[in-house]
Protein chains: 2
Amino acid sequence: MPMASSPVPVEGPLEHGLHQDGRRLTPQRRLILDLFEQIGGGTHLSAEDVHRLLVDSKARVSLATIYRTLRLLVDMGFLQELELSDGGRRFELSSGDHGDHHHLICVRCGRTEEFESNPVLEAGAEAAKRFGFELIESSLNVRAICPNCR
Amino acid sequence: MPMASSPVPVEGPLEHGLHQDGRRLTPQRRLILDLFEQIGGGTHLSAEDVHRLLVDSKARVSLATIYRTLRLLVDMGFLQELELSDGGRRFELSSGDHGDHHHLICVRCGRTEEFESNPVLEAGAEAAKRFGFELIESSLNVRAICPNCR
DNA sequence: ATACGTGCAAACGCTTTGCACGTCC
DNA sequence: GGACGTGCAAAGCGTTTGCACGTAT
């Protein structure tokens with residue numbers, strides 16, 4: 001039988017990544033990443049969404065910290081930033097598998113569906129190669145009108 | 001010999017579209033659309049770009065009118081709005097042929113190359129169909145680093 | 001102990017809007 | 001003549017930043 005108590009609650013990737021750069025693990029950073037992990041991989045949240053959700057759950061985080069932490073988590077690779085059609089920036093948990101995502105967006109109500117497509121990924125990679133660019137990621141945004149809004 | 005003067009200088013699509021809705025053809029609207037037509041189809045301009053170019057050429061147009069007119073021209077289908085990686089909104093002449101465009105964007109310097117890809121268009125159309133959406137347009141944004149910035 | 005992070009509020013950049021005046025039909 | 005469009009300046013919105021205080025290491 002193992003020891004009953006483990007004073008260090010298993011150093012996760014967040015702690016590890018932060019400490020490597022001399023940065024610190026704060027309750028706010030933990031809360032923000034936890035929120036994305038609990039809410040699941042396919043959800044797109046704005047900075048204000050994150051703030052409201054955390055405040056609603058009695059957490060004490062300022063909007064400024066949300067913005068700073070979201071940028072940090074994107075830089076560290078935990079989150080990905082999305083550029084949807086309305087100009088609003090959204091964030092979602094990095095999908096460890098590919099890193100590329102395609103979105104079908106209703107221009108009326110904002111409803112967004114995700115899908116995958118290998119031909120699209122290949123086309124992006126090929127275009128980058130042709131122009132001598134180093135590929136980071138490719139994202140297809142399909143602007144459309146959803147069944148409810150028609 | 002025909003009459004020497006033709007008081008209506010050939011009503012173009014802009015005049016026609018405007019008058020249909022009880023809207024008016026103003027010098028500002030003409031200037032803004034002319035700018036895009038002269039500069040060519042592949043160029044992406046921000047609202048400020050348009051303003052600066054017009055002011056530089058001695059035109060008298062306010063930034064507010066630029067914004068109002070850009071939206072109008074997009075609504076009328078003469079221009080298309082682009083959502084590039086940095087969150088900046090850009091506009092370009094509607095390419096009469098397809099209406100879909102794909103961009104390769106350098107995340108460091110903002111250099112943008114355009115390319116075409118039928119598989120991408122097909123993938124977008126197929127996704128829209130699968131979810132029951134009515135397709136408007138699809139755009140692939142490939143985030144990458146250009147040769148100069150590497 | 002000390003560098004790093006936070007909250008607050010002000011500043012910021014881009015975009016929109018209220019209003020009085022001007023202009024196209 | 002009258003509705004529509006413009007310019008100006010102010011407001012709006014999402015985001016960033018300076019600063020003093022707090023806290024993780």
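Note: hydrogens, waters and symmetry copies are ignored here, and every other heavy atom, side chains too, is used.
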**Prompt:** Along nucleotides 16-25 of chain C, 5' to 3', which nucleotides get a B, which get an S, and which get a -, given that the test is a protein heavy-atom distance under 4.0 Å?
**Reply:** BBB----BBS
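- Contacts with DNA chain D (heavy atom under 4.0 Å) in residues 52-61 of chain B: R60(B), V61(B), listed by number.
- By the 4.0 Å N-to-carboxylate-O rule, R90(B) lies too far from E81(B) to be salt-bridged with it.
- Between A47(B) and G22(A), it is G22(A) whose nearest contact on DNA chain C lies nearer the 5' terminus.
- The distance between atom CD of E48(A) and atom C1' of dC13(D), rounded to the nearest whole Å, is 9 Å.
- A straight line from CG of D75(A) to P of dT16(D) spans 11 Å, rounded to a whole angstrom.
- The 12-atom threshold is exceeded at CZ of R52(A), counting heavy atoms of other residues, nucleotides or ligands nearer than 6.0 Å.
- Regarding L14(A), its CG atom lies at a distance of 14 Å from the P atom of dA24(D), rounded to whole Å.
- For the pair D49(B) (side chain) and S46(B) (backbone), a donor-acceptor distance under 3.5 Å is present.
- The shortest distance between the side-chain N/O atoms of T65(B) and the OP1/OP2 oxygens of dG7(D) is below 4.0 Å.
- Taking atom NE2 of residue H51(A) and atom P of nucleotide dG14(D), one finds them 13 Å apart after rounding to whole Å.
- One can place CD1 of I66(A) at 16 Å from P of dG5(C), the figure rounded to the nearest angstrom.
- By the salt bridge (charged side-chain N to carboxylate O under 4.0 Å, His left out) test, R111(A) pairs with E113(A), sequence neighbours left out.
- Taking 4.5 Å as the limit, some side-chain heavy atom of E114(A) sits within range of a side-chain heavy atom of E92(A).
- T43(A) has its side chain out of reach of F36(A): every pair of non-hydrogen atoms, C-beta onward, lies at least 4.5 Å apart.
- Within the 4.5 Å cutoff, the side chain of I32(A) has heavy atoms near those of the I66(A) side chain.
- L18(A) places its CG atom 18 Å from the P atom of dT23(D), with the value rounded to the nearest Å.
- In this structure, CG of L70(A) is placed 13 Å from C1' of dT16(D), rounded to the nearest angstrom.
- The nearest pair of heavy atoms linking A128(B) to L135(B) is CB-CB, 4.2 Å.
- Counting only heavy atoms from C-beta outward, the side chains of S94(B) and F78(B) never approach each other to under 4.5 Å.
- Atom C1' of nucleotide dT6(C) and atom CZ of R29(A) are separated by 10 Å, given to the nearest angstrom.
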